[in-house]
Amino acid sequence: MDVVDAIIAECGAHPWFGYIIRSRTERQELASASRWIVSNIGNRARIFETGCGCGSNLIWLGQRGYRNLSGVDISESAISAARRLSAFAKLRIAVEVGDSLDPQLQAHAIDILLALNWTYYLEDFDLGRFFRTYRPFLANGGKVILDMIDKSFDGTDNNQYHTADWDKPEVGRRPSEYKVRMSRDEVAAVAAESGLRVCVVLNGGSMPPRLVYIIGNT
């Protein structure tokens, strides 16, 4: 981790990426998605991650034998760190700077599309648009794996405030970081509108309540 933290700092990427790597085993959404892939998807699968950050999910998969890995992130510093971390791990992972909401993709053969730990932070994120954007690039039998804050979080005390500020006086609290929250039924309905279906729902953690969806195109 000393080397990892140094690379992240030298690239000017946010220290949060180091935290994500360090706490990976505690992040239920990452653990659930990763275990499902390893248990159900062969290592020849073409895996593309949107909002890949410093590439920690792709590197984790690469260390378990997956080789056809690529990703995109809007942050130049994060992609710079991803490239250096991949090299440090002795892995070849194709990552580039780009907008996950408006990708410039060439190949139409993604077996696994990842969208973990970023969509619900965006005020204007539209899940339907996301599905319509990527649906044409999924291979037959391809899967979208994404996590979503469950709508039940709306009933939690202080849910309107940033979780890091819950212990502060109310006047000093920021708005919640979780901008988008959807129920299972809402996710399933939006997926169906794009010719997709929810195949599996996994536990993604309890605070905030988060679910991991495995969504297929067949």
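Count residues from 1 along the sequence. From a predicted model like this one, the values you see are computed outputs, not experimental measurements. The basis for the numbers below is simple: all heavy atoms, side chains too, and nothing from hydrogens, waters or symmetry mates.
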Interatomic distance, CG@L61 vs CD@E49, rounded to 0.5 Å, equals 8.0 Å

Do the side chains of V198 and L113 join up, straight or via other hydrophobic residues, at under 4.5 Å, putting them in one cluster?
yes

Close side-chain approach of V144 to N217, heavy-atom, < 4.5 Å
no

Any donor-acceptor pair under 3.5 Å linking the side chain of E29 with the backbone of R210?
no

Hey, mind stepping through R83 and E96 against side-chain contact (heavy atoms from CB on, under 4.5 Å) and telling me if it holds?
CA-CA 9 Å; R83 288 170 176 158; E96 62 183 39; 4.1 Å; yes

Option from R174, K168, E170 for which side chain to side chain donor-acceptor pair (under 3.5 Å) with Y161 holds
E170

Quick check against the 3.5 Å criterion: does K179 have a side-chain atom that pairs as donor or acceptor with the backbone of E177?
no

Within the distance-only criterion (no hydrogens, no angle test), does the side chain of T50 pair as donor or acceptor with the backbone N or O of L114 below 3.5 angstrom?
yes

Would you mind reporting whether V4 and M1 have side-chain heavy atoms less than 4.5 Å apart?
yes

Can you tell me if D111 uses its side chain to pair, donor with acceptor, with the backbone of A139 under 3.5 Å?
no

Test applied, side-chain contact (heavy atoms from CB on, under 4.5 Å); reference residue, L69; option that passes from I47, I59, L91:
I47

Measure from the side-chain N and O atoms of D147 to the backbone N and O of L211, and report whether any donor-acceptor pair falls under 3.5 Å.
no

Of the non-hydrogen atoms in G128 and S194, which two are nearest, and what is the gap between them?
O-OG, 4.0 Å

Write down the atom of S75, the atom of A78, and the distance for their closest heavy-atom approach.
OG-N, 3.1 Å

Between F48 and I112, is the side-chain contact (heavy atoms from CB on, under 4.5 Å) condition met? List the steps.
CA-CA 6 Å; F48 178 79; I112 297 293; over 6 Å; no

At what distance, to the nearest 0.5 angstrom, does CG of L122 lie from CG of L101?
6.0 Å

Going by distance alone, is a donor N or O of one side chain under 3.5 Å from an acceptor N or O of the other, for D150 and S152?
yes

Students often mix this up, so state it plainly: with edges at 30° and 60°, are the rings of W166 and F153 parallel, tilted or perpendicular?
parallel

Say whether, by atom type as modelled, one donor and one acceptor occur between the side chain of D126 and the main chain of R129 under 3.5 angstrom.
yes

Hey, could you give me the CD/CZ distance between E193 and R135, rounded to the nearest 0.5 Å?
14.0 Å

S23 side chain vs E26 backbone, donor-acceptor pair below 3.5 Å:
no

Would you tell me whether S100 and W118 have side-chain atoms, one donor and one acceptor, within less than 3.5 Å of each other?
no

Donor-acceptor pair, Y178 side chain versus N159 backbone, under 3.5 Å?
no

Between S34 and R24, a side-chain donor and acceptor under 3.5 Å:
yes

Taking NZ, NE, NH1 and NH2 as the nitrogens, is one of them in R84 or E10 under 4.0 Å from a carboxylate oxygen of the other?
yes

Nearest heavy-atom neighbours spanning S32 and N203
OG-O, 2.5 Å

Closest approach of C199 and K143, non-hydrogen atoms and distance?
SG-CE, 4.0 Å

Would you compute the distance between atom CG of D5 and atom CD1 of I21 and round it to the nearest 0.5 angstrom?
8.0 Å

For G53 against D73, the heavy-atom pair lying closest together
N-OD2, 2.8 Å

Side-chain donor or acceptor of Q104 paired with backbone N/O of D102 under 3.5 Å:
yes

V190-L138 co-clustered via ILVMFWY side chain contacts under 4.5 Å
yes

Looking at the rings of F125 and Y120, which for Trp means the six-membered one, are their centres under 6.0 Å apart?
no

When hydrophobic residues are tied together by side-chain contacts of less than 4.5 Å, even through go-betweens, does M182 share a cluster with L196?
yes

Quick one: does N68's side chain have a donor or acceptor within less than 3.5 Å of a partner on A45's backbone?
no

side-chain contact (heavy atoms from CB on, under 4.5 Å) for R197 and I215? Distances and angles first, verdict last.
CA-CA 5 Å; R197 67 181 181 89; I215 298 170; 5.9 Å; no

Minimum side-chain heavy-atom gap N158-R173 below 4.5 Å:
yes

Check whether any side-chain heavy atom of I41 sits under 4.5 Å from a side-chain heavy atom of W36, and report yes or no.
yes

Within a strict 4.5 Å, meaning less than it, do heavy atoms of the H14 and I8 side chains meet?
no

Contact summary for C11 and S80, nearest pair of heavy atoms:
SG-OG, 3.3 Å

Go through the steps for Y66 and R46 under the test side-chain contact (heavy atoms from CB on, under 4.5 Å), then give the verdict.
CA-CA 9 Å; Y66 293 84; R46 295 153 293 193; over 6 Å; no

Which distance, rounded to the nearest 0.5 Å, do you find between the CD1 of I93 and the OG of S86?
4.0 Å

Are the side chains of F131 and L146 in touch, meaning some heavy atoms are under 4.5 Å apart?
yes

Any side-chain heavy-atom pair of M207 and T156 under 4.5 Å:
yes

Quick one: are S176 and Q160 in side-chain contact, heavy atoms under 4.5 Å?
no

Identify whether I145 and V180 are in the same connected component of the hydrophobic contact network (ILVMFWY, side-chain heavy atoms under 4.5 Å).
no

Hydrophobic cluster membership, I74 vs V97, 4.5 Å side-chain cutoff:
no

